[in-house]
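Working notes, structure below.
Note that ligands are numbered from 1 as they come in the structure, with each ligand's atoms numbered from 1 the same way. All figures in this text were calculated on a predicted structure; none of them were measured in a lab.
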Amino acid sequence: MSDTARDLDELCYLTAQCMTPMVTSEHFRVIKKLGEGSYGKVMLAVHKKRGTPMALKFFPRCSTTLHTFLREYNLSLSFCTHPSLTRALGIFFSTPSHYIFAQQAALYGDLYDAIVSDMGVSEVQAQSVMSQLSGAVSYLHSLGFVHRDIKPENVFLCAPNCRWVKLGDFGLVRPHGTQVRAVWYESPFCVPEVEQAKSKTRKNAVNQQKEETEDIWMPVEPSLDSWALGILTYCLLTSCFPWEESTSDDPGYHQFCNWFNNIKGKEESEMGQNKQTDSKKRGRDTGGDEAAVAVPSQFESLSTLALTLLRRLLHPLPCHRAMPDEILSYLGGPWLLKTEKEEKRRLQEAQEEARKILGGGGVEKDIEMERKRER
Ligand SMILES: Nc1ncnc2c1ncn2[C@@H]1O[C@H](COP(=O)(O)OP(=O)(O)OP(=O)(O)O)[C@@H](O)[C@H]1O
């Protein structure tokens, strides 16, 4: 167990000793519901004496253990000190029906709302979000924790136009290396390595009772978050999912894997001819093979740069997935093809403008005029 994981356990033990019962309305004015998840609801409230706005997260006691509650609270309070992680505010208490803690409130909704809004998220905003999340997730990883639940609903907006976002919901965070039961769920965010647990999970859901077969256990790896960041990047750029579920029988995912393997095959054959091999460098410097090999239809609007990034984050093999900090080296260039065209158009316009300023003949004409003047 890492030092940070041990520190978190100790904090849970200590805070369990001072959990106090309280009546929410005596200290807080509850304004409105900010959102609701599978574990509980989150309310915007104002501290009556200090006037400070905060998000109160309510966990029903009937379905939440004290340890689960305290782990999320202490993690958010003591470890989430990055500006793009949602920090707890040091207030926690219980009522007869709920455990409650206070967190920084994000007042502009969550990323899901932004993605499905009429405007969607612009390319610049998408890059800004991914840049902030790259920092936040890398920070969490540096402490030895893996988030395991990165999705649009868990990215909260603290300023308009996605200028400041915070990753929240630390209920599934576990220390790197922890063994957890593999649970498959129907979503592109579920990593492909969990497919082996799909038939068992399905049978359990149908029969409403646990199958006799052995559970499949997997270690918690940072590559889980890389995968989620890849899917999130795609959602931001297209407002859609790339496929329904990351399993071999899903047509969209199947197409992606074919494309992925074709590029890999091409790269390997080039490697045999002693060509440059680093896939990341290839993508950036030379345009790579991403566009050369027929791109799956759902990726057609993405630039070579974005395709290379997605190929790095969505590597079917977890051990080869890029770490979140690699996202930073893909910022600044176009992620959407439309923008690539616009970029060219802008460049042409700038060249034309420059030609006009130089009087049509360019530098040579200037030199000629200078000579005439001298004569
Ligand atoms: N600090 C916050 N500020 C503003 N809104 C928040 C905050 N925390 C949560 N929300 C809103 O409440 C919703 C549910 O919160 P959260 O994801 O933490 O709950 P959960 O029950 O753990 O959810 P899940 O089902 O994803 O596990 C979020 O999608 C978001 O819209």
Side-chain angles (χ1 to χ4, degrees), residues 24 28-47 52-92 97-117 121 129 132-133 136-137 140 145-174 180 183 185-191 220 224-225 227-229 231-232 235-236 241:
T24 313
F28 301 96
R29 189 158 50 85
V30 175
I31 311 282
K32 63 168 187 173
K33 194 199 278 185
L34 284 169
E36 197 159 9
S38 43
Y39 295 95
K41 59 181 179 196
V42 179
M43 307 295 292
L44 177 66
V46 173
H47 188 255
T52 339
M54 47 188 76
L56 293 182
K57 188 163 178 177
F58 289 70
F59 298 75
R61 289 177 71 152
C62 56
S63 53
T64 316
T65 65
L66 181 58
H67 184 257
T68 303
F69 166 77
L70 290 175
R71 188 175 49 201
E72 185 168 340
Y73 165 68
N74 281 304
L75 190 106
S76 178
L77 179 71
S78 300
F79 296 96
C80 296
T81 51
H82 186 278
S84 284
L85 291 174
T86 310
R87 197 161 183 200
L89 296 172
I91 297 168
F92 70 106
S97 55
H98 289 88
Y99 297 123
I100 298 155
F101 75 75
Q103 253 186 344
Q104 295 165 329
L107 301 178
Y108 294 84
D110 61 42
L111 203 51
Y112 179 85
D113 301 330
I115 290 173
V116 300
S117 68
V121 173
V129 169
Q132 295 174 66
L133 292 182
V137 179
L140 211 53
F145 293 112
V146 180
H147 188 279
R148 299 173 66 226
D149 199 16
I150 299 171
K151 56 183 181 182
E153 297 89 326
N154 288 339
V155 178
F156 312 143
L157 311 185
C158 301
N161 303 323
C162 305
R163 276 202 303 273
W164 184 11
V165 301
K166 279 178 187 275
L167 179 62
D169 192 357
F170 306 113
L172 290 184
V173 172
R174 292 291 178 277
V180 291
V183 180
Y185 56 99
E186 195 176 336
S187 160
F189 283 101
C190 184
V191 287
V220 168
L224 295 170
D225 289 342
W227 177 272
L229 288 171
I231 300 288
L232 188 66
C235 294
L236 284 165
F241 283 144

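- Annotation: atom 23 (O) of ligand 1 to nearest protein heavy atom, D169 OD2, 3.2 Å.
- Looking only at heavy atoms of the protein, atom 21 (O) of ligand 1 is closest to Y39 N, 2.8 Å.
- Under the 30°/60° scheme for interplanar angles, the aromatic rings of F92 and F69 are found to be tilted.
- Side-chain N or O atoms of D110 include one that pairs as donor or acceptor with a backbone N or O of D113 at under 3.5 Å.
- The ligand atoms of ligand 1 that sit less than 4.0 angstrom from a heavy atom of G40 are 21 (O).
- Heavy atoms from both the backbone and the side chain of L34 come within less than 4.0 Å of ligand 1.
- Here the heavy atom of the protein found nearest to atom 19 (O) of ligand 1 is K57 NZ, 3.6 Å.
- Between E72 and ligand 1, a contact under 3.5 Å exists for no N or O pair.
- At least one donor-acceptor pair closer than 3.5 Å links the side chain of N154 to the backbone N or O of D149.
- Closest to atom 31 (O) of ligand 1, if we only count protein heavy atoms, is D110 OD2, 2.7 Å.
- Remark: ligand 1 atoms within the under-4.0 Å shell around heavy atoms of A105 are 3 (N).
- Nearest protein heavy-atom contact of atom 29 (O) of ligand 1 is E153 O, 2.7 Å.
- With a heavy-atom cut-off of 4.0 Å, S38 touches ligand 1 through backbone and side chain alike.
- Between the side chain of E153 and the backbone N or O of Y112, no donor-acceptor pair lies under 3.5 Å.
- The K151 neighbourhood of ligand 1 comprises atoms 26 (O), with distances under 4.0 Å to a heavy atom of that residue.
- Close approach of ligand 1 to Q103 (heavy-atom distance below 4.0 Å) involves ligand atoms 1 (N).
- K57 pairs with exactly one of H98, Q103, E72 by the side-chain hydrogen bond (donor to acceptor under 3.5 Å, both in side chains) rule, that one being E72.
- For A228 against I150, the heavy-atom pair with the smallest separation is CB-O, 3.5 Å.
- Summary of contacts: the protein heavy atom closest to atom 1 (N) of ligand 1 is Q104 O, 2.9 Å.
- Protein heavy atom at the shortest distance from atom 12 (O) of ligand 1 is G35 CA, 3.2 Å.
- Among the atoms of A106, some N or O lies under 3.5 angstrom from an N or O of ligand 1.
- Without hydrogens or angle criteria, S76 side chain to T86 main chain gives a donor-acceptor distance under 3.5 Å.
- Side chain of Q132 to backbone of V165: a donor-acceptor contact under 3.5 angstrom is found.
- The single protein non-hydrogen atom nearest to atom 30 (C) of ligand 1 is F156 CE2, 3.5 Å, given as residue, atom name and distance.
- Counting atoms of ligand 1 from 1 in the listed order, those under 4.0 Å from a heavy atom of T86 are 1 (N).
- Within the listing of ligand 1, atoms 17 (O), 26 (O) sit less than 4.0 angstrom from a heavy atom of N154.
- Taking a cut-off of under 4.0 Å to the non-hydrogen atoms of E36, the atoms of ligand 1 that pass are 12 (O), 13 (C), 14 (C).
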